[in-house]
Amino acid sequence: MTARRDIEASSGDRITRRLKRSFYVRPTLEVARDLLGRTLCRKLPDGRTLRGRITEVEAYDGPRDRASHAHRGRTPRNAPMFERGGIAYVYLIYGIHHCLNVVTGECGYPAAVLVRATDPPAHGARAAGPGLVARAFAIDRRHDGASLSGGELWLEHGAPVSDRVVSRTARVGVAYAGAWAHRRYRFLMKR
DNA sequence: GGTGCGATTGCA
DNA sequence: GCAATCGCACCA
């Protein structure tokens with residue numbers, strides 16, 4: 001969906017390609033699908049901006065999703081998932097890797113989309129695997145809860161992605177989640 | 001306060 | 001196939 005309402009004007013007359021809040025405050029599976037092809041943007045302390053086209057995501061949808069960190073209720077770690085969509089949820093996995101999630105939906109409903117892979121659009125970063133995405137974009141716990149409308153981390157429109165090139169599969173690494181493990185909540189670009 | 005482990009990655 | 005490495009969820 002490339003709705004025009006998702007394009008907002010910057011303070012000047014220049015039109016930005018930045019996704020606005022309403023993009024994220026929608027059903028998680030919808031947002032997950034629509035995140036494919038979008039551009040993940042990260043402004044580094046040195047002023048450089050990294051960009052990468054999102055090519056793979058996974059949705060974690062609600063308190064009943066047994067694969068979700070929110071399945072056991074709200075905790076200090078997963079608190080950002082309960083916020084209104086449009087912020088980041090970043091956690092440390094295996095004591096080594098950070099994982100970037102895009103929080104979705106309304107306040108009080110825990111949901112997020114894990115960014116699993118990006119391609120370089122022009123001069124951007126390629127990264128296959130959630131830990132590698134976070135590393136490539138220099139994202140860590142400091143970005144946990146950060147707005148995706150802020151100056152460090154944000155998303156922009158990309159070329160629309162046709163359904164013909166989108167695959168859906170079960171999520172990775174959630175075998176413990178019973179029937180939820182089989183749900184096709186993983187969206188990726190065919191190649 | 002103690003214990004077990006994970007929405008992963010890289011190397012043998 | 002499996003070690004790395006630690007925050008945190010859970011139990012006492």
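Quick caveat: nothing in here was measured; it's all calculated off a predicted structure. Just so it is clear: chains get the letters A, B, ... in the order the sequence lines come, proteins before strands, and each one is counted from 1.
Residues L29(A) and A59(A) approach most closely at CD2-CB, 3.7 Å, considering heavy atoms. Here the closest heavy-atom approach between residue A127(A) and residue A136(A) is recorded as CB-CB, 4.1 Å. Considering all non-hydrogen atoms of both residues, V161(A) and L36(A) come closest at CG2-O, 3.5 Å. The shortest non-hydrogen separation linking Y24(A) to G86(A) is CB-N, 3.4 Å. Taking both residues in full, the closest heavy atoms of P80(A) and I87(A) are given as O-CD1, 3.7 Å, listed atom of the first, atom of the second, then distance. A pairwise comparison of heavy atoms in D65(A) and D61(A) identifies OD2-N, 3.0 Å as the closest pair.
Both tests hold for R77(A) against Y91(A): distance to the six-membered ring centre under 6.0 Å, angle to the ring axis within 45°.
The environment of CZ in R168(A) is crowded: more than 12 heavy-atom neighbours from other residues, nucleotides or ligands sit within 6.0 Å.
When the C1' atom of dT8(B) is taken as reference, atom CZ of R186(A) falls 13 Å away, rounded to whole Å.
Aromatic pair H69(A)/Y60(A): centroids not less than 6.0 angstrom apart.
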Just do the side-chain contact (heavy atoms from CB on, under 4.5 Å) check on T55(A) and L188(A) with the steps written out, would you? CA-CA 6 Å; T55(A) 56; L188(A) 64 159; over 6 Å; no
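For the P atom pair drawn from dC2(C) and dC5(B), the interatomic distance equals 16 Å after rounding to whole Å.
Within residues 63-88 of chain A, the residues having any heavy atom under 4.0 Å from DNA chain B are, by residue number, A67(A), H69(A), M81(A). At a non-hydrogen distance threshold of 4.0 Å, V172(A), G173(A), V174(A), Y176(A) from residues 168-184 of chain A come into contact with DNA chain B.
The outermost nucleotides of DNA chain C lying under 4.0 Å from heavy atoms of chain A, listed 5' to 3', are dA4(C) to dC10(C).
If you find the closest nucleotide of DNA chain C to I93(A) and to R141(A), the one lying nearer the 5' end belongs to I93(A).
Among K43(A), R142(A), H143(A), the single residue meeting the side chain to side chain donor-acceptor pair (under 3.5 Å) criterion with E152(A) is H143(A).
Listed by first residue number, the stems of DNA chain C with at least three Watson-Crick or G-U pairs below 3.5 Å are B:1-6 with C:6-11, B:8-11 with C:1-4.
For E83(A) and R21(A), the salt-bridge test fails: no basic side-chain N is under 4.0 Å from an acidic carboxylate O.
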Look for any protein N or O under 3.5 Å of an N or O in nucleotides 9-12 of chain B and output each such pair with its distance, or none.
unit_1 : atom_1 : unit_2  : atom_2 : d
dT9(B) : OP1    : G129(A) : O      : 3.2
dT9(B) : OP1    : P130(A) : N      : 3.0
dT9(B) : OP1    : G131(A) : N      : 2.8
dT9(B) : OP1    : L132(A) : N      : 3.4
dT9(B) : O4'    : H97(A)  : NE2    : 3.1

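With sequence neighbours left out, the salt bridge (charged side-chain N to carboxylate O under 4.0 Å, His left out) criterion links R141(A) to D144(A).
Residues R186(A) and T169(A) meet the side-chain proximity criterion, which asks for heavy atoms closer than 4.5 Å.
For the 3.5 Å distance criterion, the side chains of R38(A) and H157(A) qualify, holding a donor opposite an acceptor.
You cannot call Y91(A) stacked on the base of dA7(B); the centres under 5.5 Å and planes under 30° rule is not satisfied.
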